[in-house]
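To start, the structure itself, in structure tokens.
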Amino acid sequence: MKCRVSYLLRFYLTTVLLFVAAKVVFMLVYRGGQAFTAADVLQVVAHGLSLDLSTALYLLIPPFLLSVAAVWLKVPRWLFRGYAVFAAVILALAFVADTSLYAFWRFKLDASCLTYLQTPTEALASVTPAYIAARVGLTAVTAVLLYLILPHWPHSSHKPRRVYLPHALRESLLYLLLTPVIIIGIRGGLGESTTNIGQVYFSPNQFLNHAAVNPLFSFLASLGKSGDYIVSYDYFTDQECADLTDRLFTTESSLTDSLLTTTRPNIVVIIMESCGGQFTQIGGNPGITPRLNQLAGEGIYFSQCYANSWRTDKGVVSILSGYPAFPVTSVMKVPEKSRKLPSIAASLADNGYHSSFFYGGDINFTNMRSYLMATGYSRLTWKNDFTADEQHSAQWGVRDDIMLDALLRDITGEQRPHWMKALLTLSSHEPWDVPDPVEATDWNPQADPVLTAFHYLDRCIGQFIDNLRKTPQWAQTLVVILPDHGLRHQGVDETTRLYNHIPMLWVGGAVSSPRVVDRLCCQSDLAATLLAQLGIDHSRYVFSRDIMSSTYRCPTAYHTYNNGVTLYDSTGFVAYDLDARQVIAREGDSTPTLLRQAKAILQRTSHDLRRK
């Protein structure tokens with residue numbers, strides 16, 4: 001038993017060390033074109049270790065199963081040796097391919113390399129025969145070295161022996177106990193988020209983030225996201241699609257109506273978890289969110305704004321990158337796509353701004369970290385930056401009042417001349433565990449915990465604005481407040497306008513005067529509209545419109561849900577189920593036209609994503 005357990009331990013630790021060594025080699029190969037220090041190498045190793053530990057467990061599964069079988073059966077030595085050969089070859093291919101291809105791709109090894117096997121001539125045209133020969137030779141040499149380094153077999157496993165039942169039972173019990181440990185290790189713990197590439201991102205320098213990513217894990221994780229994972233919707237010819245959508249999306253700003261007192265305000269974006277219009281005056285419930293309703297009268301209230309999606313990971317991308325959501329694909333979960341998106345933070349960085357992001361939950365959830373770091377946020381503040389008590393103040397992490405207080409402290413201590421700070425709330429989410437007691441009121445007669453959670457969120461934001469108003473920073477600050485998505489509650493769902501109808505408010509000392517903007521728009525239009533107010537080019541935001549521009553002549557609101565799509569304009573509303581291939585809700589007499597436009601937008605955006 002000791003031989004087999006020792007073999008498994010040695011195999012696992014050796015694999016982890018090989019992954020660490022590969023990171024160092026990777027960085028040394030690119031030391032000429034990338035600036036980094038010895039401390040950066042240590043940071044890369046430390047932050048990448050979690051993926052290395054998980055990936056090594058994947059490789060441990062076959063020898064683990066062979067060792068379990070060896071308790072009761074005579075397992076041939078060549079099976080262990082054969083697996084060592086297999087593991088050595090796989091690791092060699094991953095290490096050499098990753099290090100070689102990074103020079104061309106500037107992202108880590110993933111399954112997209114398999115697509116080049118369909119057109120090998122075009123793939124090989126980019127390199128010389130000598131380059132190919134050198135890589136093949138290097139792979140072979142690396143595989144041999146790895147085979148010599150890896151443990152080959154537990155020496156006692158192949159010896160003929162009689163099974164001693166008590167020992168066999170004890171060893172089998174040990175393996176049984178180790179099984180959940182391996183599963184949990186592969187998953188990355190018992191938290192909300194599972195092991196993902198984004199969890200190792202730690203630096204504004206993308207090379208350091210890429211160096212920390214385990215190439216074998218990156219490849220395996222992308223297998224499920226290759227091919228049809230990014231669904232390409234095809235309903236029209238390219239020309240028909242363009243004819244239906246060109247007038248809906250304009251990237252030019254002309255005679256933009258000014259909303260601000262300065263073109264260089266400091267900016268706070270508060271993304272409210274799930275706070276759809278049914279919890280505000282939009283849905284006839286002013287008592288649930290009285291502070292938001294009050295702020296709507298004090299600042300700029302976009303009364304006809306709609307959400308692009310039904311999930312946080314998709315809504316955040318829509319807001320911060322001006323990129324519409326998809327029925328199936330979550331762009332945030334596909335780092336090789338999300339890192340290519342424009343973002344408000346990146347555009348502001350080009351104009352002297354420093355951007356940071358605050359979230360009280362797990363920043364690794366749905367690959368959020370990788371998206372944020374890749375799109376311009378140089379500092380992230382999340383659950384692990386707070387005390388143990390604060391981390392457990394809500395089911396999802398640090399509750400909203402604590403996070404907003406932390407944001408306020410950060411603002412008052414800010415020394416940079418221009419900055420943007422974004423915060424994603426979390427308390428208005430199941431299980432609705434907020435500190436307010438659930439009691440009957442005139443606005444909450446049934447003591448509904450959902451309504452109580454939104455009332456709590458409203459009070460937190462109101463208190464934050466009150467405190468910010470007392471600071472010197474207020475005069476030059478614009479605070480943008482809007483939800484990530486709506487919420488299915490009490491019969492409100494995708495078949496109703498109200499589900500996606502959301503409040504968007506601009507408040508702060510940088511707002512020129514209170515007003516109501518009643519133009520139909522989406523949360524994805526924030527990017528172009530905001531940047532246009534700052535006089536910053538927004539031509540890269542091909543699906544975000546400056547709604548204050550005279551070029552915005554075809555107001556629409558586009559939304560996707562789980563395999564469905566909806567579209568609104570001044571003539572009506574349509575909701576279409578992609579699985580059932582039928583309209584499930586409609587308003588007005590323009591359903592055929594709206595449906596064609598919705599499908600065309602879906603086609604155009606999905607083709608754009610596939611091309612990235």
Side-chain angles (χ1 to χ4, degrees), residues 231 233 235 248 271-280 282-285 288 302-319 323-333 366 428-430 448 450-451 453-454 482-504 520-525 543 555-606 609:
V231 181
Y233 298 91
Y235 299 106
L248 302 181
I271 304 173
M272 303 182 292
E273 172 66 50
S274 306
C275 190
Q278 71 262 45
F279 306 110
T280 72
I282 292 173
N285 292 308
I288 302 175
F302 296 81
S303 63
Q304 293 297 317
C305 185
Y306 286 79
N308 286 108
S309 181
W310 81 105
R311 279 175 32 182
T312 297
D313 53 317
K314 301 185 178 190
V316 167
V317 170
S318 293
I319 292 168
Y323 204 71
F326 295 89
V328 176
T329 305
S330 170
V331 184
M332 183 181 282
K333 293 181 180 179
T366 65
S428 49
H429 192 291
E430 291 178 304
D448 186 335
V450 176
L451 304 187
F454 286 105
L482 77 170
D484 52 356
H485 54 78
L487 181 72
R488 297 182 185 91
H489 184 64
Q490 295 182 346
V492 175
D493 59 21
E494 288 88 352
T495 62
T496 66
R497 276 179 175 262
L498 186 56
Y499 176 70
N500 299 312
H501 198 171
I502 59 173
M504 180 165 71
L520 192 64
C521 62
C522 289
Q523 60 186 184
S524 55
D525 295 323
F543 300 114
T556 55
Y558 172 76
H559 169 87
T560 60
Y561 59 96
N562 190 17
N563 231 11
V565 59
T566 67
L567 187 66
Y568 314 77
D569 72 3
S570 59
T571 67
F573 153 66
V574 64
Y576 181 75
D577 189 296
L578 296 169
D579 287 327
R581 299 183 180 181
Q582 65 181 23
V583 173
I584 60 173
R586 71 186 75 197
E587 293 178 14
D589 299 325
S590 59
T591 297
T593 301
L594 283 174
L595 183 56
R596 283 174 57 82
Q597 289 179 331
K599 288 181 175 180
I601 295 172
L602 187 57
Q603 177 174 320
R604 182 167 176 173
T605 55
S606 66
L609 180 63

Point-to-point distance, once rounded to the nearest 0.5 Å, from [atom1] of [X] to [atom2] of [Y]:
X: Met504; Y: Cys522; atom1: CE; atom2: SG; result: 10.0 Å
X: Ile502; Y: Tyr306; atom1: CD1; atom2: OH; result: 10.0 Å
X: Leu595; Y: Gln597; atom1: CG; atom2: CD; result: 10.0 Å
X: Thr560; Y: Leu578; atom1: OG1; atom2: CG; result: 9.0 Å
X: His501; Y: Thr280; atom1: NE2; atom2: OG1; result: 8.0 Å
X: Ile271; Y: Asp484; atom1: CD1; atom2: CG; result: 7.0 Å

With no hydrogens and no angle check, is any side-chain donor or acceptor of [X] less than 3.5 Å from a backbone partner on [Y]?
X: Ser318; Y: Tyr323; value: yes
X: Arg497; Y: Glu587; value: no
X: Thr329; Y: Val331; value: no
X: Gln523; Y: Pro483; value: yes
X: Lys314; Y: Asn308; value: no

Checklist entry - Which heavy atom in Pro503 sits nearest to a heavy atom in Gly276, and how many Å separate them? => result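 Looks like CD-C, 4.4 Å.
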Next on the checklist: Can you tell me how the ring of Tyr233 sits relative to the ring of Tyr235, calling it parallel under 30°, perpendicular over 60° and tilted otherwise?
Outcome noted: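 Judged by the thresholds at 30° and 60°, the geometry between Tyr233 and Tyr235 is parallel.
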Decide yes or no for [X] and [Y]: does some side-chain heavy atom of the first lie under 4.5 Å from some side-chain heavy atom of the second?
X: Phe573; Y: Leu567; value: no
X: Tyr561; Y: Tyr499; value: no
X: Ser428; Y: Val450; value: no

Checklist entry - Listed by chain and number, what are the side-chain hydrogen bond (donor to acceptor under 3.5 Å, both in side chains) partners of Asp313, not counting sequence neighbours? => result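 For Asp313, the residues satisfying side-chain hydrogen bond (donor to acceptor under 3.5 Å, both in side chains) (neighbours in sequence not counted) are Arg311, Ser330.
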Item to check | Under the side-chain hydrogen bond (donor to acceptor under 3.5 Å, both in side chains) test, residues paired with Tyr558 that sit two or more places apart | outcome: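 If we apply the side-chain hydrogen bond (donor to acceptor under 3.5 Å, both in side chains) test to Tyr558, skipping adjacent residues, there are no hits.
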Next on the checklist: Both conditions, 6.0 Å and 45 degrees, for the charged tip of Lys599 above the ring of Tyr576: are they met here?
Outcome noted: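 Pair Lys599/Tyr576 counts as cation-pi.
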Checklist entry - Judged by modelled atom types alone, do His485 and Glu273 share a side-chain donor-acceptor pair under 3.5 Å? => result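 The answer is yes; a qualifying pair exists.
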Item to check | No-hydrogen, no-angle side-chain donor-acceptor test under 3.5 Å, Tyr568 and Asn500 | outcome: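 The answer is yes; a qualifying pair exists.
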Item to check | Check against side chain to side chain donor-acceptor pair (under 3.5 Å), Asp569 and Thr556 | outcome: CA-CA 5 Å; Asp569 72 3; Thr556 55; over 6 Å; no
Item to check | side-chain contact (heavy atoms from CB on, under 4.5 Å) between Glu494 and Asn562, worked out | outcome: CA-CA 10 Å; Glu494 288 88 352; Asn562 190 17; over 6 Å; no
Item to check | Verdict with reasoning, Leu487 to Phe454, per side-chain contact (heavy atoms from CB on, under 4.5 Å) | outcome: CA-CA 11 Å; Leu487 181 72; Phe454 286 105; 3.9 Å; yes
Item to check | Worked verdict on Ser524 versus Phe543 for side-chain contact (heavy atoms from CB on, under 4.5 Å) | outcome: CA-CA 8 Å; Ser524 55; Phe543 300 114; over 6 Å; no
Next on the checklist: Among Leu451, Val492, Ile288, exactly one meets side chain to side chain contact (heavy atoms under 4.5 Å, CB included) together with Gln278. Which residue is that?
Outcome noted: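 Among the candidates, only Val492 passes.
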